[in-house]
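Heads up: the structure comes next, in structure tokens.
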Amino acid sequence: MLPLRTKGLTVRRKSQHLLGPIDLTLDGAGITVVMGPNGSGKTTLLRALHGIERLSGGTIDWACPAAEAHRHQSFVFQTPILLRRTVAGNLRYPLDLIRAPDRTALVADWAARAGLSDKLQLQAARLSGGERQKLALARALITAPKVLFLDEPCASLDGAATRAIEALLHDAAQSGTRIVIATHDMGQARRLASDAIFLVGGKIAEIGPGILSKPETPALQAFLRGDIL
């Protein structure tokens, strides 16, 4: 499925230029953190790579047919989108779609990993914000996707929920899921990142595995200091 390559990737909405041109290669293993000031294009980039954002120009190429790539990736939104079902029903839904074996066991396993074992029969709408986000992440991971995109999944969560989310992400990365996560939290970026992408004005200003510790551009240096860009 990987590498994923983009060439001249551009997104415009009406007269507004949101992203690009972006030339990017995503390969290997680990967790890529996408960061940048508000309006820099983080969410648009993730949506474009996942195939849910209409492109204005450029190409996105996976190392397999696009339909196959779509089947093996998941997306977790900043505000979790849950079904009007129980916790168990939400976890089971993607397994039913692919007719997975041992669905009951997988639901129980992932509920335990997400700390939701005692809430399996509870309606998802009754969960707290942190529990909803953990459920959304567990549902995204339950089919063992090869690539997982996350858009600010911990933006409104407390420390305990954030730690639980990050633990699930570390485990998923160790199990072989390639993760791309947008975050505004520099502490989280440093805890998670194998490499990072820094966006400014819809373009890549800096990219690489060591840019959080040794930023080269004045823009990233200013951003890491907390300056307003």
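This chain uses plain numbering: 1 for the first residue, then up along the sequence.
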*When rounded to the nearest 0.5 angstrom, what is the spacing between CZ in R103 and CG in L106?*
10.0 Å
*Residues, nucleotides or ligands: over 12 heavy atoms within 6.0 Å of N38 CG*: no
*Considering only heavy atoms from C-beta outward, does the side chain of E216 approach that of I211 to under 4.5 Å?*
no
*Validation row: F149, V76 side chains within 4.5 angstrom (heavy atoms)*: no
*asked:* If hydrophobic clusters are built from ILVMFWY residues whose side chains come within less than 4.5 Å, do I181 and V147 share one?
replied: no
_For a 4.5 angstrom cut-off between non-hydrogen side-chain atoms, does S156 reach Q133?_
no
*Starting at CG of L46, measure out to CG of D151 and round the result to the nearest 0.5 Å.*
6.0 Å
*Show your reasoning for whether side chain to side chain contact (heavy atoms under 4.5 Å, CB included) applies to L2 and K146.*
CA-CA 9 Å; L2 293 173; K146 295 180 180 178; over 6 Å; no
*Does a sphere of radius 6.0 Å around CZ in R190 hold more than 12 heavy atoms from other residues, nucleotides or ligands, not counting ones at 6.0 Å or beyond?*
yes
*Kindly determine whether E206 and K214 satisfy salt bridge (charged side-chain N to carboxylate O under 4.0 Å, His left out), including the steps that lead there.*
CA-CA 11 Å; E206 197 163 344; K214 294 182 179 180; over 6 Å; no
*asked:* Taking E131 first and then R126, would you say they form a salt bridge - that is, a charged N and a carboxylate O separated by under 4.0 Å?
replied: no
*A172 versus I179, closest heavy-atom pair with distance*: CB-CD1, 4.1 Å
*State, to 0.1 Å, how close S74 and H50 come at their nearest heavy-atom pair, and which atoms those are.*
C-CE1, 4.0 Å
*What pairs meet the side-chain hydrogen bond (donor to acceptor under 3.5 Å, both in side chains) rule with one or both residues in residues 160-188, with sequence neighbours excluded?*
T32-R178, E152-H184, E166-Q188, E166-R191, T183-Q188
*asked:* Show, in sequence, the C-alpha distance, side-chain angles and deciding distance for Q16 and V11, and conclude whether the side chain to side chain contact (heavy atoms under 4.5 Å, CB included) test is met.
replied: CA-CA 9 Å; Q16 187 178 10; V11 176; over 6 Å; no
_Do L135 and L82 have side chains that approach each other closer than 4.5 Å (heavy atoms only, starting at C-beta)?_
yes
*Is there a path from L19 to L4 through hydrophobic residues (I, L, V, M, F, W, Y) whose side chains come within less than 4.5 Å of each other?*
yes
*Distance-only, no hydrogens or angles: does the T6 side chain make a donor-acceptor pair with backbone N or O of I22 under 3.5 Å?*
yes
*If two hydrophobic side chains count as joined below 4.5 Å and joins carry through other members, does F77 share a cluster with V180?*
yes
*Are any of the side-chain heavy atoms of R71 and I98 separated by less than 4.5 Å?*
no
*When rounded to the nearest 0.5 angstrom, what distance separates CD1 in I204 from OG in S40?*
11.0 Å
*asked:* Does any part of the side chain of Q221, heavy atoms only, come nearer than 4.5 Å to the side chain of P215, both counted from C-beta?
replied: yes
*Could you state whether L199 and L55 fall into the same hydrophobic cluster, counting links through intermediate Ile, Leu, Val, Met, Phe, Trp or Tyr residues with side-chain heavy atoms under 4.5 angstrom apart?*
yes
*asked:* What I'd like to find out is whether the side chain of K119 reaches to under 4.5 Å of the side chain of L127, using heavy atoms alone.
replied: yes
*State whether the number of non-hydrogen atoms from other residues, nucleotides or ligands found under 6.0 Å of L97 atom CG is greater than 12.*
yes
_Looking at every non-hydrogen atom in both residues, tell me the closest pair between D23 and G8 and how far apart they are._
OD1-N, 2.6 Å
_Working to the nearest 0.5 angstrom, can you tell me the gap between T143 OG1 and Q73 CD?_
11.0 Å
*asked:* Using a 3.5 Å distance criterion without hydrogens, assess whether the side chain of D61 forms a donor-acceptor pair with backbone atoms of R5.
replied: no
*Do you see a donor-acceptor pair shorter than 3.5 Å between the side chains of Q123 and T86?*
no
*Could you go step by step and tell me if T10 and L18 meet the side chain to side chain contact (heavy atoms under 4.5 Å, CB included) rule?*
CA-CA 8 Å; T10 305; L18 300 180; over 6 Å; no
*CD on Q78 to NZ on K42, rounded to 0.5 Å*: 9.5 Å
*Please indicate whether R99 has more than 12 foreign heavy atoms, meaning atoms of other residues, nucleotides or ligands, lying under 6.0 Å from its CZ.*
no
*Which value, rounded to the nearest 0.5 Å, describes the distance between S56 atom OG and H17 atom NE2?*
8.5 Å
_Using every non-hydrogen atom in the two residues, find where A196 and L212 come nearest and quote the distance to one decimal._
CB-CG, 4.4 Å
*Exercise: identify the closest heavy-atom pair between I142 and P94*: CG2-CG, 3.7 Å
*asked:* Quick check: is L9 connected to F75 through a chain of hydrophobic side chains (ILVMFWY, heavy atoms under 4.5 Å apart)?
replied: yes
*asked:* According to side chain to side chain contact (heavy atoms under 4.5 Å, CB included), who are the partners of A108, at least two apart in sequence or on a separate chain?
replied: none
*CG of D102: more than 12 outside heavy atoms within 6.0 angstrom?*
no
_Show me the pairs that pass ring pair (Phe, Tyr, Trp, His ring centres under 6.0 Å) and involve residues 204-229, at least two apart or across chains._
F198-F223
*Can you find a pair of side-chain heavy atoms, one from R139 and one from K134, that are under 4.5 Å apart?*
no
*Given the rule in the side chain to side chain contact (heavy atoms under 4.5 Å, CB included) test, do R113 and L168 qualify, once you have shown the distances and angles that lead to the verdict?*
CA-CA 8 Å; R113 296 191 199 192; L168 287 170; 4.0 Å; yes
_Ignoring hydrogens, what is the shortest heavy-atom contact between V34 and L45? Give both atom names and the distance._
CG1-CD2, 4.3 Å
*Report the residue from L91, N90, V87 that forms a side-chain contact (heavy atoms from CB on, under 4.5 Å) with V107.*
L91
